[in-house]
There are 2 protein chains.
Amino acid sequence: MQTSPLLEYLIENLRCLPGVGPKSAQRMAYHLLQRDRRGGMDLARALTDAMSKIGHCSHCRTFTEEETCTICNNPRRQNSGLLCVVEQPSDIQAIEQTGQFSGRYFVLMGHLSPLDGIGPREIGLDLLQKRLESEHFEEVILATNPTVEGDATANYIAELCLQQGIKASRIAHGIPVGGELEAVDGTTLTHSFLGRREMHY
Amino acid sequence: MQTSPLLEYLIENLRCLPGVGPKSAQRMAYHLLQRDRRGGMDLARALTDAMSKIGHCSHCRTFTEEETCTICNNPRRQNSGLLCVVEQPSDIQAIEQTGQFSGRYFVLMGHLSPLDGIGPREIGLDLLQKRLESEHFEEVILATNPTVEGDATANYIAELCLQQGIKASRIAHGIPVGGELEAVDGTTLTHSFLGRREMHY
């Protein structure tokens with residue numbers, strides 16, 4: 001029994017956050033009330049703004065509160081001729097952190113999964129096809145996850161690209177840097193053999 | 001780089017929660033945006049209400065949005081003649097869960113710590129003394145933490161109680177149930193020997 005209904009309500013609602021159970025929710029609520037009420041108010045404002053104002057970019061479908069996102073608006077990226085297709089907006093963040101890619105993105109917000117009723121339209125492939133037809137791309141990099149569904153989705157999009165005469169490539173699968181051969185599963189090891197590259201000095 | 005300033009602001013503000021680092025904050029933000037916008041809005045409302053409306057009970061100093069908390073208002077608890085002194089509002093929650101105590105509480109919101117400028121007034125001992133003088137208590141149970149500061153605070157309050165002729169008791173320290181003797185530190189083991197009880201059949 002909590003001594004305050006509002007506190008109880010707060011603890012209950014904190015559990016909508018992933019990875020937050022009853023104990024953590026209680027710790028968070030008490031922490032905010034005792035030590036950081038201002039932080040709690042700021043968080044409430046940030047949540048309200050984000051939940052109500054953030055929509056999807058009309059070009060790449062990632063999260064943005066504008067009509068188009070900052071990446072799609074960047075003229076240098078518009079001229080790169082590269083498009084990277086990913087499953088989730090968080091994948092963009094991961095790729096951006098590598099600093100290796102300076103093109104634009106297209107976010108599927110999922111992957112093909114006919115059994116769940118998720119077909120090409122649901123993951124925005126009609127919009128992607130329009131972009132492939134109307135804009136100039138030299139290469140489409142397929143960075144969907146290396147799962148059965150991710151691979152199937154990549155194959156499907158590769159076919160769309162080839163119909164438009166655009167080169168399609170798939171990111172490499174293999175042993176993670178710093179990993180050990182014996183700790184890696186057989187399928188990954190197979191991929192790393194098939195994808196081997198000649199060494200040059 | 002995030003594609004949306006509002007998203008960036010949300011991720012930054014989620015980090016005011018204890019135990020939430022940059023990676024978890026990002027995961028939480030994407031989860032809410034993709035799967036639970038309504039939950040996010042509810043959480044924002046719960047936070048705003050809790051941060052702005054929850055104050056302290058005028059009797060026991062725990063968190064409540066009313067003048068006095070639900071425990072202090074309970075007539076059965078008012079007649080129990082028992083008062084339990086704890087350091088934090090969360091301690092009340094822990095004790096309530098045992099179902100062993102049916103008296104009222106007094107929350108210090110800390111412990112005596114003269115080096116940090118926390119004296120008797122800062123932990124509300126003036127209010128406690130007034131209650132000891134004006135209300136009828138048979139026993140005051142001192143449930144501050146078994147730390148140097150917690151023990152010192154308990155001793156200080158015990159003296160206040162004795163001045164009013166009220167019995168003061170300290171919760172038992174010893175080996176946790178299910179614990180192993182060899183895994184317990186020496187001080188705890190000493191406590192468990194000093195606090196031994198005769199066995200009755």
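These values consider heavy atoms only, across backbone and side chains, with no hydrogens, waters or symmetry-generated copies. All chains are named by letter (A, B, ...) in the order of the sequence lines, taking the proteins before the strands, and each is independently numbered beginning at 1.
When B:Arg15, B:His31, B:Met109, B:Glu12 are compared by the number of non-hydrogen pairs under 4.5 Å with chain A, B:His31 comes out ahead. When the candidates B:Thr64, B:Leu17, B:Thr48 are compared by the number of heavy-atom contacts under 4.5 Å with chain A, B:Leu17 comes out ahead.
Within residues 32-46 of chain B, the residues having any heavy atom less than 4.5 Å from a heavy atom of chain A are, in residue-number order, B:Leu32, B:Leu33, B:Gln34, B:Asp36, B:Arg37, B:Gly39, B:Gly40, B:Met41, B:Asp42, B:Leu43, B:Ala44, B:Ala46.
Expressed to the nearest 0.5 Å, how far CG of B:Leu7 lies from OG1 of A:Thr62 amounts to 8.0 Å. Between the CG atom of A:Leu6 and the NZ atom of B:Lys53 there is a distance of 6.5 Å, given to the nearest 0.5 Å. Between the CG atom of B:Leu47 and the CG atom of A:Leu14 there is a distance of 6.0 Å, given to the nearest 0.5 Å. Here the straight-line distance linking atom SG of B:Cys16 with atom CE of A:Met28 works out to 9.0 Å at 0.5 Å rounding. Taken from OG1 in A:Thr70 to CD in B:Glu8, the straight-line distance is 8.5 Å, to the nearest 0.5 Å.
Considering every non-hydrogen atom in both A:Tyr30 and B:Pro89, the closest pair reads CE2-CB, 3.6 Å.
The number of heavy-atom neighbours closer than 6.0 Å to CD of B:Glu159, taken from other residues, nucleotides and ligands shown, is 12 or below. Heavy-atom neighbours of B:His111 NE2 from other residues, nucleotides or ligands within 6.0 Å: above the threshold of 12.
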